[in-house]
Amino acid sequence: MEALKSALQPLQPLTHNLPAPIRDLGVSIIGETCYKTLLLDLDPTDSACLKLAISKGLGIGIIGASAIVKVPQILKLLQSKSASGISFLSYLLETSSYLITLAYSLRSGFPFSTFGETALILGQNAIITVLVLNYSGRASIAALFVAALAVGVVSLLNSDIVDMQTLGYLQAGAGVLGVASKIPQIAAIFQEGGTGQLSAFTVFNYLAGSLSRIFTTLQEVDDKLILYGFIAGFTLNLVLAVQMVYYWNAPSAKAKGKGKRQEVPITARGPSSAVSSSASPTPKSKGPSTRRRG
């Protein structure tokens with residue numbers, strides 16, 4: 001690290017003359033002390049500041065990726081107009097978990113870089129859940145879901161309705177919901193024998209995001225409830241990723257059944273049937289009688 005520090009020193013005139021907006025942004029992200037150490041002094045040997053900078057960078061990257069993480073899933077649903085392979089229960093549980101976590105993080109005053117993706121994914125989850133219900137012929141339940149989601153947002157963000165202690169209990173339950181939300185999706189893939197309309201981009205980005213969140217939580221958030229939830233989520237996201245690879249080119253059970261129904265068996269006629277159809281016996285006509293009478 002000392003060699004790296006020496007190699008970076010010629011860049012100091014550049015870092016000391018950064019525009020004020022960039023400087024203010026850097027200070028707001030990693031703080032005055034670490035900004036001076038890492039950018040002004042160009043000293044990467046300070047492990048505490050280096051870990052903080054990596055954590056902030058990962059957090060910002062996760063938030064940026066979360067803005068589009070479920071867009072491919074939404075597009076697949078819109079194009080196919082089918083909810084095959086996607087579990088409504090899984091999205092319902094995950095949306096509930098994200099809503100509670102978002103409210104808990106906001107009201108606890110955690111850094112936005114540690115939970116910002118929650119709000120973005122929550123909105124995308126709501127869209128996917130509505131699409132799944134609509135394409136499953138349950139539009140009335142979709143309207144009920146949207147109404148319940150709106151009531152939940154207002155209630156959880158209002159301290160007069162839900163106090164912080166109660167919200168803490170709900171957050172403990174949200175960790176369980178987040179883990180449980182993966183189980184119906186895993187089961188649905190096993191039952192279908194394929195991943196259906198599930199997006200590989202979404203699955204693998206979730207896997208990478210949950211792993212990164214373990215690191216950022218260890219660095220910036222001293223809350224075991226949040227940490228254990230991310231660890232459990234990563235484990236089940238790994239199972240989903242393995243399923244995605246295993247069933248990559250496998251048609252679903254429904255597709256297999258449809259293919260079998262379209263096959264029409266062709267039976268060959270035997271020689272006996274051909275003969276019987278072409279040469280049918282003709283009745284003989286009776287000739288005039290030659291027997292004498294009388």
Review point. Less than 6.0 Å separating the ring centroids of Tyr91 and Phe88?
Key: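 No; Phe88 has its ring centre 6.0 Å or more from that of Tyr91.
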
Is the backbone N or O of [Y] less than 3.5 Å from a side-chain atom of [X], with the two atoms forming a donor-acceptor pair by type?
X      : Y      : result
Ser80  : Lys76  : yes
Ser90  : Ser181 : yes
Thr235 : Ile231 : yes
Asn158 : Val154 : no
Ser108 : Tyr104 : yes
Asp41  : Asp43  : no

Review point. Does a donor on one side chain sit under 3.5 Å from an acceptor on the other, for Arg213 and Ser210?
Key: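 No - no donor-acceptor pair under 3.5 Å links their side chains.
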
Review point. Does a side chain donor of either Gln185 or Ser87 reach within less than 3.5 Å of an acceptor in the other side chain?
Key: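 Absent: no donor and acceptor within the cut-off.
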
If you round to the nearest 0.5 Å, how far is [atom2] of [Y] from [atom1] of [X]?
X      : Y      : atom1 : atom2 : value
Asp24  : Tyr35  : CG    : OH    : 8.5 Å
Glu94  : Asn125 : CD    : CG    : 4.5 Å
Leu93  : Ile183 : CG    : CD1   : 9.0 Å
Gln219 : Ile214 : CD    : CD1   : 12.5 Å
Thr166 : Ile161 : OG1   : CD1   : 12.0 Å
Asn17  : Arg23  : CG    : CZ    : 12.0 Å

Minimum heavy-atom distance between [X] and [Y], given as atom pair plus value:
X      : Y      : answer
Lys182 : Leu240 : CD-CD1, 4.0 Å
Ser82  : Leu77  : O-CD2, 3.3 Å
Gln124 : Val71  : OE1-N, 3.5 Å
Leu38  : Pro44  : CD2-CA, 4.4 Å
Leu149 : Leu99  : CD1-CD2, 4.0 Å
Glu32  : Val27  : OE1-CG1, 3.7 Å

Exercise for review: Would you check, one step at a time, whether the test side chain to side chain contact (heavy atoms under 4.5 Å, CB included) holds for Leu25 with Ile29?
Suggested key: CA-CA 6 Å; Leu25 179 62; Ile29 293 174; 4.0 Å; yes

Practice item. Answer yes when Lys70 and Glu117 have at least one side-chain N-carboxylate O distance shorter than 4.0 Å, and no when they do not. Key: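 No.
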
Linking I/L/V/M/F/W/Y whenever their side-chain heavy atoms sit closer than 4.5 Å, directly or via other members, would [X] and [Y] fall into one cluster?
X      : Y      : result
Phe201 : Phe234 : no
Leu144 : Leu133 : no
Ile22  : Ile60  : yes
Leu75  : Val69  : no
Ile62  : Ile30  : no

Review point. What do the steps show when you test Thr95 against Thr129 for side chain to side chain contact (heavy atoms under 4.5 Å, CB included), and what is the final call?
Key: CA-CA 9 Å; Thr95 302; Thr129 304; 4.0 Å; yes

Check your understanding: Which is it for Asn237 and Val203 under the side chain to side chain contact (heavy atoms under 4.5 Å, CB included) test, yes or no, and what are the steps along the way?
Key -> CA-CA 7 Å; Asn237 281 332; Val203 170; over 6 Å; no

Pairwise side-chain contact, [X] with [Y], heavy-atom cut-off 4.5 Å (strictly under):
X      : Y      : answer
Phe112 : Ile63  : yes
Arg107 : Leu156 : no
Val130 : Phe145 : yes
Ser159 : Met164 : no

Practice item. Might you work through the side chain to side chain contact (heavy atoms under 4.5 Å, CB included) test for Lys56 and Leu52, ending with a clear yes or no? Key: CA-CA 6 Å; Lys56 292 293 186 181; Leu52 177 62; 3.9 Å; yes

Review point. When the ring planes of Tyr206 and Tyr98 are compared, do they come out parallel, tilted or perpendicular, using 30° and 60° as the limits?
Key: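 Parallel.
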
